[in-house]
Amino acid sequence: MSISEGTIGELRAKGVEVKRLEREYYEIFIGPQHPGSGHMRIIVRLDGDIIVDADPDIGYVHRTMEKLSEGREWIKVTPLVERMTIIDACNVTLPYINAVEKLMDKRPSTRASYLRVLLCEINRIASHLYGFGIFGVFLGHSTAYMWGFGDREVFLELAEILTGTRLTYTYHIPGGVRRDMPQDFPQMARRAVRYMRNRMAEYEKIFLNNPVIVSRLRDVGVISKTRAAELGIVGPTLRGSGVRYDVRLNEPYEVYSELDFEVPVFEEGDALARTLVRMEEIKQSLNIIEQAVDWLEKHRDEPVIAKEDYEKLPKLHKELYEKTGRVKLLPTQISMKVPPGKAVARAEAGRGEIFYYVESDGGVMPYRVRVVTPSARNVIVFKKVVPGHRLMDLPAIYGSIDYFPPEADR
Amino acid sequence: MPPRVAVKNLKKGGGLFEGVKSNIEALIVGIKYFVDPKRMTLLYPKEYPEHRPGYRGFIVLKKDVCISCAACARVCPSAAMKMVRVTEADPREPGKARQKQYPVINYQRCIFCGYCVDVCPVEALYHLPFHDITYESLADMFLTLEAFQKEPLRPVEKEGSPVVYEFDESAGLVKREKKGGA
């Protein structure tokens, strides 16, 4: 049975994409159970070794987070949404809390802002090293995998000392954070920073300048500046193409405008440039950690939640805070009501800009929480950039955009 | 100085000399770690990590302190904590019985966010600094009121030795035997 030309014309007129099935093309399904695919499937059609069409089939880990958020109280949404990017949990929950703070007209104390930035940068490094490790093993460079995951442990250990857990921090609450930094944290953070700085030189030698790796990445998956803006991609993938956009720079949140750091941008737009943007970002994040720790050490008198909230705390809670640095929640915060309104907030997560739209109808639960995640915007690279490359370039491009399926699927 | 953009450029693809040089550099780094590896691998269960006091691990109830306010059950984001009603002897009026509610926890659902510990107005709940306990059946993970008051035994403490991680400038994390033993 075949469809007549007339029917095809009608369908095309309606805006339906109609493709003729080419018999000589070879169709392979990479994923969802393929070790290198992540929680997704890429349907690749090959002409010999050349990819003619790549179709990312996403949605395998869709958990209806936006809908679930509407059924739980405001502070209970944080442990939910951090599960969409468990390796970058601090960065993805921060804009949600920022949006709620905008609705409540509450400002965190400066100390809380610095602590947030500190954890965000620790998390960014851990997230980049995770992506780097996966990227290494995609290219068959298992040393990079071991190094990336091993050095990530250093920063997870720092985060654990700060928050009490390795990954799902649930660190932010409206108006502040849940814990103060321990007394000996600054020395440990400085040691970790100095270690990682020396380590970066070795990363360059064994991986980034390694001719085997360079030849697999240079001029692969090139996205020009205009093309990048057109596709609407974000994060290191965008900055690898020479677009100067970083939320920390263009729309500073928390205390980023007071910190001294660079936003690395590469003009080339290939897989190597995108990888190097991440590596340079790690160096800058190390600088930010040092500055944040220095500031926090000097300004110890301020509480880690908004001043007016701290004064309302009962005596037992204040004593505990002085002794352990833990901020107790008040039972009233469980069913806290947020004034009706709409708020948006964005932040620069490890993979790019994450955007929240939060609407309240004055109740104890959000009326609507909309999330646009960086991976959801970067997935288009598979469709638009991959065709034309050889099959062996697919892992290189996949790894270089650091795509994380659970984040895209939400 | 405020944040700023730094435009960088890739190194140009070098010639034969550059290629040979970077190959040798990569090999030297590889050999260096082959001869002098810096390992942080934990030989669990011969060694087990000793976490700091702030670690958010298993939760234990101090029943005598609990005031039955149910804030912990209300704040639980995954509905792991529930209140149970028990009839017990009234300490204030001897010979009489009273009804009181206490929280119990279901570790099938718990995500260790620590909200319950933070919200308790009288500090009747506290964290243990470890996570590694196994249960024989799923039903065992639903703790009874008695089990919730006991600090669970950590099986690895019997066969292993405690280890702490320290930050080091040359090796990142260094594993050290904890002084004083278990």
Side-chain angles (χ1 to χ4, degrees), chain A residues 72 75-76 79-80 143 150-151 153-154 157 160-161 164-165 168 170 178-179 182 188 191-192 194-195 198-199 202 205-206 209-211 214 218 242 244 248-249 252 256-268 272-273 276 280 314 316 320 324 326-331 333-335, chain B residues 1-11 13-14 18-23 25-30 32-33 38-41 51-57 69-71 74-78 111-115 117-123 127 129 131 165-173:
Chain A
R72 47 190 71 207
I75 61 164
K76 294 193 200 175
L80 172 75
T143 306
D151 288 335
E153 213 59 31
V154 178
E157 188 78 14
E160 186 190 300
I161 291 165
T165 183
T168 48
T170 326
R178 283 174 66 197
R179 281 186 195 199
M188 291 187 279
R191 264 185 231 145
R194 278 197 288 265
Y195 163 70
N198 299 334
R199 189 78 162 148
E202 288 180 343
K205 277 181 194 158
I206 209 158
N209 291 345
N210 192 331
V214 171
R218 198 184 282 278
R244 294 148 173 77
R248 294 176 292 170
L249 178 83
Y256 276 114
S257 54
E258 292 164 26
L259 295 164
D260 172 24
F261 67 98
E262 287 176 355
V263 175
V265 169
F266 280 80
E267 302 276 1
E268 284 78 0
L272 186 60
L276 282 168
E280 294 292 326
L316 174 81
L320 261 167
T324 60
R326 261 173 61 213
V327 178
K328 295 280 282 182
L329 294 169
L330 291 175
Q333 272 174 292
I334 307 166
S335 51
Chain B
M1 219 158 127
R4 62 207 170 271
V5 169
V7 180
K8 304 195 173 178
N9 283 304
L10 294 184
K11 268 192 223 158
E18 197 64 25
V20 172
K21 189 182 150 233
S22 14
N23 253 327
E25 274 180 350
L27 282 172
I28 289 171
V29 175
K32 185 184 148 198
Y33 282 98
K38 297 206 162 54
R39 296 201 183 104
M40 62 167 95
T41 318
H51 297 291
R52 290 164 64 100
Y55 189 78
R56 299 197 321 231
C69 69
R74 274 170 60 221
V75 82
C76 185
S78 54
I111 57 170
F112 299 99
C113 65
Y115 270 174
V117 177
D118 277 1
V119 86
C120 183
V122 288
E123 286 281 287
H127 284 293
H131 239 140
Y165 280 107
E166 280 170 15
F167 290 91
D168 187 89
E169 272 175 46
S170 61
L173 280 179

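Every chain is numbered from 1 and lettered A, B, ... according to where its sequence line falls, protein lines coming before strand lines.
Heavy atoms of A/E268 lying under 4.5 Å from chain B belong exclusively to its side chain. Contact annotation for A/P252: neither backbone nor side-chain heavy atoms come within less than 4.5 Å of a heavy atom of chain B. Within the 4.5 angstrom heavy-atom criterion, only side-chain atoms of A/L276, from C-beta onward, approach chain B. Looking at A/Q333, neither its backbone nor its side chain comes within 4.5 Å of chain B, counting heavy atoms on both sides. For a residue to count as touching a neighbouring chain, one of its non-hydrogen atoms must lie under 4.5 Å from one of that chain's; by this rule B/C69 does not touch chain A. For a residue to count as touching a neighbouring chain, one of its non-hydrogen atoms must lie under 4.5 Å from one of that chain's; by this rule A/V214 does not touch chain B. With a 4.5 Å cut-off on non-hydrogen atoms, A/F266 touches chain B through its backbone and its side chain both. Interface remark: B/K21 contributes no atoms to any contact with chain A (heavy atom separation under 4.5 Å). No part of B/V20 comes within reach of chain A, as not one of its non-hydrogen atoms sits under 4.5 angstrom from that chain.
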Quiz item: Run the side-chain contact (heavy atoms from CB on, under 4.5 Å) check on A/E262 and B/K8 step by step: do they pass?
Solution: CA-CA 11 Å; A/E262 287 176 355; B/K8 304 195 173 178; 3.8 Å; yes
Exercise. Take B/L173 and A/E157 through the side-chain contact (heavy atoms from CB on, under 4.5 Å) test and state the conclusion after the steps.
Key: CA-CA 9 Å; B/L173 280 179; A/E157 188 78 14; 3.9 Å; yes
Quiz item: Does the pair A/L249 and B/V5 meet the rule for a side-chain contact (heavy atoms from CB on, under 4.5 Å), with working shown?
Solution: CA-CA 8 Å; A/L249 178 83; B/V5 169; 3.3 Å; yes
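Here CG of A/L330 is found 11.0 Å from CG of B/D118. Values are rounded to the nearest 0.5 Å. Between A/T165 atom OG1 and B/H131 atom NE2 the span is 6.5 Å, to the nearest 0.5 Å. Between atom CD of residue A/E153 and atom OG1 of residue B/T41 there is a gap of 10.0 Å, rounded to the nearest 0.5 Å. Rounded to the nearest 0.5 angstrom, A/E160 CD and B/Y165 OH are separated by 10.5 Å. A distance of 12.0 Å separates CD1 in A/I161 from OH in B/Y55, rounded to the nearest 0.5 Å. Atom CZ of B/R56 sits about 5.0 Å away from atom OG1 of A/T170, to the nearest 0.5 Å.
Looking at heavy atoms from C-beta onward, A/P211 lies out of side-chain contact with B/E18 at the 4.5 angstrom threshold. In this structure the side chain of A/K76 never reaches within 4.5 angstrom of the side chain of B/S78, judged on heavy atoms. Between A/N210 and B/N23, some side-chain heavy-atom pair lies under the 4.5 Å cut-off. The shortest side-chain heavy-atom distance between B/V117 and A/R326 falls under the 4.5 Å cut-off. Within the 4.5 Å cutoff, the side chain of B/V7 has heavy atoms near those of the A/E267 side chain. Residues A/V154 and B/F167 are in side-chain contact: their nearest non-hydrogen atoms beyond the backbone lie under 4.5 Å apart.
A cation-pi arrangement is found for A/R199 relative to B/Y33, the charged atom lying closer than 6.0 Å to the ring centre and inside a 45° cone about the ring normal.
The choice from A/P331, A/P182, A/P314, A/G242 that makes the most heavy-atom pairs within less than 4.5 Å of chain B is A/P331. The candidate from A/N198, A/L272, A/T143 with the greatest count of non-hydrogen atom pairs under 4.5 Å with chain B is A/L272. Per-residue heavy-atom pair counts under 4.5 Å with chain B were compared for A/E280, A/R178, A/R179, and the maximum is reached by A/R178. Ranked by heavy-atom pairs under 4.5 Å with chain B, the list A/V327, A/V263, A/L316, A/L259 is led by A/V263. In terms of heavy-atom pairs under 4.5 Å with chain A, the best-connected choice from B/G30, B/C120, B/G57, B/P129 is B/C120.
Remark: the backbone N or O of A/G164 is not paired with any side-chain donor or acceptor of B/R52 at under 3.5 angstrom. Put simply, the side chain of B/Y115 gets close to the backbone of A/I75: a donor and an acceptor are under 3.5 Å apart. A/K205 places no side-chain N or O within donor-acceptor distance of the main-chain N or O of B/V29, the cut-off being under 3.5 Å.
Partners of A/R191 by side-chain hydrogen bond (donor to acceptor under 3.5 Å, both in side chains), not counting sequence neighbours: none found.
In terms of heavy-atom proximity, A/N209 sits nearest to B/S22 at O-CB, 3.3 Å.
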